Amino acid sequence: MHTTSTHCTCTPSDLAEQLSAQAVLARTFQSVFGVEPTAAQLAALHSPAVEAAFRMMSLDEGDTTADAHAFLARTADRRDEAVERLKMEYTRLFIGPARLPAPPWESVYRGEDRLLLQNSTLEVRALYRSQGALPARYPAVADDHVALELAFLYLVSSRAQETIANGARADYPALSSLAIGMDRIVNEHLLTWLPRFSRALSCDAPQGYYAVCARLLVRFARACGSLAKEVRPQWEGRAREMAKP
């Protein structure tokens, strides 16, 4: 079983696999928290790629076992009435019109006034643009929505995986830029507010579908943060070496 930690002795193939798993789960959680549930969405959660990614990121081990099993078990029931219940829950939690128990925007948790469109919103917008990305629904949806931050994590993870997998001589200047993006979106943004987001969902319904998903998301983000902290100095160092005359 693979662990969530990557060291400098990790082979490019192993690292590419971990980045691929990270991209798969970033896209999975983006879907969970970004759009209303559908039968097709829930079925996709049981794909071999997602189940393999859970194992690769060690999200089916240790103290995460119960939540991982609950997450997968609840999505196994794809009858129409189950999907309709989840749609109502999604609307109540993340759309309204009543006061949201767990608003899905970073700025709400970073400021004392719980307002949207704060400094964190501008920071993630600049981070997206550093990789030539801009949310498709900009400016209708605030940039620091959890689904958009996860979409950016997917982007930098998949690009890094492809860069490693496609060549014997890795493009370290490109990898350095991607590592910075990965490190910043996880350690400077997602991990600064996801624990509070998760607690809000657990307070609302401790064993609810979205509360379980959020607890798994926090653990996933921590694993991603550890990986980013390890690869960033390695890739930045190699980029500096390549830049020397």
Side-chain angles (χ1 to χ4, degrees), residues 4 22-23 25-35 57 59 63-64 67-68 71 89-96 98-131 133-157 179-229 232:
T4 58
Q22 183 169 289
L25 291 182
R27 178 56 64 87
T28 298
F29 285 117
Q30 176 198 355
S31 176
V32 168
F33 291 103
V35 295
M57 300 294 292
L59 295 183
D63 63 354
T64 66
D67 276 348
F71 174 76
E89 189 72 353
Y90 182 90
T91 299
R92 183 181 71 84
L93 290 170
F94 307 129
I95 298 177
R99 183 178 183 276
L100 303 183
W105 295 278
E106 176 182 348
S107 52
V108 173
Y109 301 88
R110 298 285 299 275
E112 294 181 1
D113 297 328
R114 294 176 64 85
L115 298 176
L116 292 175
L117 302 174
Q118 302 300 300
N119 285 340
S120 61
T121 313
L122 300 178
E123 290 170 0
V124 293
R125 182 179 302 169
L127 189 54
Y128 300 160
R129 285 176 169 164
S130 72
Q131 292 294 328
L134 192 66
R137 295 181 64 190
Y138 170 84
V141 177
D143 306 70
D144 58 352
H145 191 287
V146 60
L148 295 179
E149 294 190 358
L150 289 168
F152 183 76
L153 177 59
Y154 165 80
L155 176 72
V156 291
S157 301
I180 292 170
M182 192 187 312
D183 186 18
R184 291 191 59 203
I185 194 62
V186 178
N187 291 308
E188 296 180 15
H189 291 283
L190 285 166
L191 286 176
T192 65
W193 70 281
L194 282 183
R196 294 179 64 189
F197 175 64
S198 176
R199 286 194 295 272
L201 286 168
S202 289
C203 286
D204 181 76
Q207 297 306 314
Y209 172 77
Y210 289 103
V212 170
C213 292
R215 288 196 292 270
L216 274 177
L217 175 58
V218 170
R219 292 162 185 163
F220 166 66
R222 287 173 178 156
C224 295
S226 296
L227 179 60
K229 284 183 176 179
R232 178 174 175 176

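Bear in mind that the values here come from a model prediction, so they are computed numbers and not experimental data.
Using a 30° and 60° split on the angle between ring planes, Phe33 and Phe197 fall in the perpendicular class, above 60°.
Atom CG of Leu153 is separated from atom CZ of Phe29 by 11.0 Å, given to the nearest 0.5 angstrom.
The main-chain N or O of Gly34 is found under 3.5 Å from a side-chain atom of Tyr90 such that the two form a donor-acceptor pair. Formation of a donor-acceptor pair under 3.5 Å by the Asp144 side chain with backbone atoms of Ser107 is found in this model. In this structure, Thr192 contributes its side chain and His189 its backbone to a donor-acceptor pair below 3.5 Å. No donor-acceptor pair under 3.5 Å is formed between the side chain of Ser31 and the backbone N or O of Arg27.
Between Ser130 and Leu127, the closest side-chain pair of non-hydrogen atoms falls below 4.5 Å. Side-chain atoms of Leu100 and Leu93, non-hydrogen and from C-beta on, never get closer than 4.5 Å to each other.
Here the closest non-hydrogen pair linking Gly225 and Asn187 is O-ND2, 3.4 Å. Residues Met57 and Gln22 come closest through the heavy atom pair SD-N, 4.2 Å.
Note on Asp204 versus Arg92: salt bridge recorded, some NZ/NE/NH1/NH2 to OD/OE distance being below 4.0 Å.
With respect to His145, the ring pair (Phe, Tyr, Trp, His ring centres under 6.0 Å) criterion is satisfied by exactly one of Trp105, Tyr128, Phe94: Trp105.
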